[in-house]
Student: 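Would you mind keeping the following structure in view while I ask a few things?
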Amino acid sequence: MNNQFKAIKEVHDFFTKEGIPYVFIGGIALQFWGEPRFTRDIDLTIRVELGKEEEIIKKILQNFAPRISDAFKFALKNRICLVKSKGDYEIDISLGIPGYEDIIMKRAVNLELEKGYIIRICSAEDLIIQKAIASRARDIEDIEGIILRQGKKLNIRYIRRWLKKFSEILSMPEILEGFEKIYKNTTFRT
């Protein structure tokens with residue numbers, strides 16, 4: 001088993017034991033939904049009740065080594081814990097808030113990492129939404145890969161609805177516009 005899978009299992013085991021809902025949103029989800037590529041970290045979102053952030057961050061930092069000094073303060077301010085696994089694999093844990101993250105958790109799918117070992121990954125649509133918001137060059141390539149592989153199975157109305165909301169909330173119309181351009185220009189498999 002490679003270091004990434006060991007780290008994924010470590011993360012899954014911790015959050016499952018603690019009863020904290022989580023969903024992988026990065027490379028492992030991309031491997032399932034899109035065109036696989038090597039990633040140097042693990043990205044996930046956890047559900048955190050408002051007002052429980054300090055308690056959850058302390059639990060995380062008691063079980064995973066921080067990657068930066070003053071990781072606690074950084075996590076409180078930015079709602080992301082930058083930690084590493086026992087095997088030094090980088091892990092980015094986003095502290096989700098009630099709302100959209102609740103929907104991501106409900107729509108998550110099971111992925112059998114190995115025989116009998118099931119983890120939760122975000123849906124293809126939610127992965128597209130996350131990547132459209134980030135809009136880095138590699139995110140755009142990832143969106144194209146997901147569209148190519150998933151094609152007509154994608155719930156485009158769901159993606160558009162959430163991207164429209166995020167475009168409005170963030171005052172960034174380019175989020176939805178960027179997705180529409182990618183979707184229009186990507187020929188998917190049937």
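As a basis for the values below, the full set of heavy atoms in this structure was taken, side chains included, without hydrogen atoms, waters or symmetry mates.
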Student: If you look at every heavy atom in Ile42 and Ala7, which pair is closest and at what distance?
Tutor: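 That would be CD1-CB, 3.3 Å.
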Student: Once salt bridge (charged side-chain N to carboxylate O under 4.0 Å, His left out) is applied, do any residues pair with Glu174, and if so which ones, sequence neighbours excluded?
Tutor: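 If we apply the salt bridge (charged side-chain N to carboxylate O under 4.0 Å, His left out) test to Glu174, skipping adjacent residues, there are no hits.
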Student: Using the rule that two of Ile, Leu, Val, Met, Phe, Trp, Tyr join whenever any of their side-chain heavy atoms come within less than 4.5 Å, decide whether Ile103 and Ile20 are in one cluster.
Tutor: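 In one cluster with Ile103: Ile20, yes.
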Student: Give the intermediate values and the outcome of side chain to side chain contact (heavy atoms under 4.5 Å, CB included) for residues Ser94 and Leu44.
Tutor: CA-CA 6 Å; Ser94 297; Leu44 67 143; over 6 Å; no
Student: Is there a donor-acceptor contact under 3.5 Å from the side chain of Arg120 to the main chain of Ala108?
Tutor: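 It does hold such a pair.
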Student: Can you see which heavy atom on Ile140 is nearest to which on Ser135, and at what distance?
Tutor: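 Of all heavy-atom pairs spanning Ile140 and Ser135, the closest is CD1-O, 4.1 Å.
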Student: Who passes side chain to side chain contact (heavy atoms under 4.5 Å, CB included) against Asp139, sequence neighbours left out?
Tutor: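 Partners of Asp139 under the side chain to side chain contact (heavy atoms under 4.5 Å, CB included) test: Lys131, Ala134, Arg136, Asp142.
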Student: Once side chain to side chain contact (heavy atoms under 4.5 Å, CB included) is applied, do any residues pair with Asp88, and if so which ones, sequence neighbours excluded?
Tutor: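 Lys84.
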Student: Do you reckon Met105 sits in the same ILVMFWY cluster as Ile93, going by side-chain contacts under 4.5 Å, direct or chained?
Tutor: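 Yes, one cluster joins them.
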Student: Applying the 4.5 Å side-chain criterion to the ILVMFWY set and letting contacts propagate, would Ile156 and Leu127 be lumped into a single cluster?
Tutor: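 Yes.
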Student: Side chains of residues 54-64: which donor-acceptor partners sit under 3.5 Å, not counting sequence neighbours?
Tutor:
| from | atom 1 | to | atom 2 | distance (Å) |
| --- | --- | --- | --- | --- |
| Lys59 | NZ | Glu18 | OE1 | 3.2 |
| Asn63 | ND2 | Lys59 | O | 2.8 |

Student: Does the side chain to side chain contact (heavy atoms under 4.5 Å, CB included) test come out yes or no for Lys9 and Glu114, once each step is laid out?
Tutor: CA-CA 10 Å; Lys9 287 178 82 171; Glu114 60 183 29; 2.9 Å; yes
Student: Answer yes or no: is there a donor N or O on one side and an acceptor on the other, between the side chain of Glu177 and the main chain of Lys181, under 3.5 Å?
Tutor: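 Such a contact is absent between Glu177 side chain and Lys181 backbone.
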Student: Out of the candidates Ile133, Ile129, Ile147, only one should pair with Phe179 under the side-chain contact (heavy atoms from CB on, under 4.5 Å) rule; please name it.
Tutor: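 When side-chain contact (heavy atoms from CB on, under 4.5 Å) is applied between Phe179 and each of Ile133, Ile129, Ile147, only Ile147 qualifies.
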Student: Do Leu82 and Leu95 land in one hydrophobic cluster if side-chain heavy atoms of ILVMFWY residues count as linked below 4.5 Å?
Tutor: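 No.
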Student: Supply the atom-to-atom distance Lys153 NZ to Asn155 CG, rounded to the nearest 0.5 angstrom.
Tutor: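 Output value for this atom pair is 14.0 Å.
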Student: Apply ring pair (Phe, Tyr, Trp, His ring centres under 6.0 Å) to Phe72 and list each qualifying residue two or more places apart in sequence or on a separate chain.
Tutor: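 Scan of Phe72 (ring pair (Phe, Tyr, Trp, His ring centres under 6.0 Å), adjacent residues dropped) gives none.
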Student: State the CD1-CG distance between Ile175 and Leu163, to the nearest 0.5 angstrom.
Tutor: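 So the gap between those two atoms works out to 7.5 Å.
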Student: Could you give me the CA-CA distance, side-chain angles and deciding distance for His12 and Tyr117, then say whether ring-ring contact (aromatic ring centres under 6.0 Å, His included) is met?
Tutor: CA-CA 10 Å; His12 165 80; Tyr117 201 88; 5.2 Å; yes
Student: Is there a side chain to side chain contact (heavy atoms under 4.5 Å, CB included) between Ile119 and Asn110? Walk through the geometry before answering.
Tutor: CA-CA 6 Å; Ile119 62 169; Asn110 291 333; over 6 Å; no
Student: Quick check: do Trp33 and Arg149 have side-chain heavy atoms less than 4.5 Å from each other?
Tutor: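 No. Closest side-chain heavy atoms not under 4.5 Å.
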Student: Are Lys6 and Glu10 ion-paired here, with the side-chain N under 4.0 Å from a carboxylate O?
Tutor: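 Here Lys6 does not pair with Glu10 in a salt bridge, since their nearest N and O are not under 4.0 Å apart.
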Student: Can you list the residues that meet the side chain to side chain contact (heavy atoms under 4.5 Å, CB included) rule with Phe32, with sequence neighbours excluded?
Tutor: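 Phe32: side chain to side chain contact (heavy atoms under 4.5 Å, CB included) contacts with Leu111, Ile121.
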Student: Is there a chain of hydrophobic side chains (I, L, V, M, F, W, Y, each step under 4.5 Å between heavy atoms) that links Phe74 to Ile91?
Tutor: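 Cluster IDs for Phe74 and Ile91 differ.
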Student: Of all residues at least two apart in sequence or in a different chain, which pass the side-chain hydrogen bond (donor to acceptor under 3.5 Å, both in side chains) check with Tyr89?
Tutor: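 So Tyr89 forms no side-chain hydrogen bond (donor to acceptor under 3.5 Å, both in side chains) with any residue.
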Student: I need the minimum non-hydrogen distance between Arg79 and Gly96, along with the two atoms involved.
Tutor: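 Where Arg79 meets Gly96 most closely, the heavy atoms are NH2-O, 3.2 Å.
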Student: Looking at Asn2 and Gln4, would you say the former's side chain and the latter's main chain have a donor-acceptor pair under 3.5 Å?
Tutor: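 Checking the backbone N and O of Gln4 against the side chain of Asn2, a donor-acceptor pair under 3.5 Å is found.
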Student: Can you tell me how far the CG atom of Asp92 sits from the CG atom of Asp43, to the nearest 0.5 Å?
Tutor: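 The CG atom of Asp43 is 5.0 Å from CG of Asp92, to the nearest 0.5 Å.
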Student: Which heavy atom in Val109 sits nearest to a heavy atom in Cys122, and how many Å separate them?
Tutor: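 That would be CG2-O, 4.4 Å.
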Student: Going by the side-chain hydrogen bond (donor to acceptor under 3.5 Å, both in side chains) test, which pairs reach into residues 98-108, not counting sequence neighbours?
Tutor: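 Listed by first then second residue: Arg47-Asp102, Tyr100-Asp126, Arg107-Ser123, Arg107-Glu125, Arg107-Asp126, Arg107-Tyr158.
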Student: Please test Leu176 against Phe166 for side chain to side chain contact (heavy atoms under 4.5 Å, CB included), starting from the C-alpha separation and ending with a verdict.
Tutor: CA-CA 8 Å; Leu176 179 58; Phe166 284 119; over 6 Å; no
Student: List the residues meeting salt bridge (charged side-chain N to carboxylate O under 4.0 Å, His left out) with Arg160, not counting sequence neighbours, and say none if there are none.
Tutor: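 Testing Arg160 for salt bridge (charged side-chain N to carboxylate O under 4.0 Å, His left out), a comparison that skips the adjacent residues, returns Glu180.
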Student: Find the distance between OH (Tyr183) and CG (Leu154) and round it off to the nearest 0.5 Å.
Tutor: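 Between atom OH of Tyr183 and atom CG of Leu154 there are 7.0 Å.
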Student: At what distance, to the nearest 0.5 angstrom, does CD1 of Ile143 lie from CD of Gln130?
Tutor: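 The CD1 atom of Ile143 sits 10.5 Å away from the CD atom of Gln130.
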Student: With Leu50, which residues qualify under side chain to side chain contact (heavy atoms under 4.5 Å, CB included), at least two apart?
Tutor: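 Per chain and number, Leu50 pairs via side chain to side chain contact (heavy atoms under 4.5 Å, CB included) with Glu53, Ile97, Pro98.
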Student: Starting at CZ of Arg161, measure out to NZ of Lys164 and round the result to the nearest 0.5 Å.
Tutor: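 Here the rounded value is 11.0 Å.
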Student: Can you name the residues that form a salt bridge (charged side-chain N to carboxylate O under 4.0 Å, His left out) with Glu144, not counting sequence neighbours?
Tutor: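 Partners of Glu144 under the salt bridge (charged side-chain N to carboxylate O under 4.0 Å, His left out) test: none.
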Student: Quick one: list whatever passes salt bridge (charged side-chain N to carboxylate O under 4.0 Å, His left out) with Lys73, sequence neighbours left out.
Tutor: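 Applying salt bridge (charged side-chain N to carboxylate O under 4.0 Å, His left out) to Lys73 gives Asp70.
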Student: Taking the side chain as every heavy atom from C-beta outward, state whether Ile8 and Ile28 have any pair of such atoms under 4.5 Å apart.
Tutor: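 A side-chain contact under 4.5 Å exists here.
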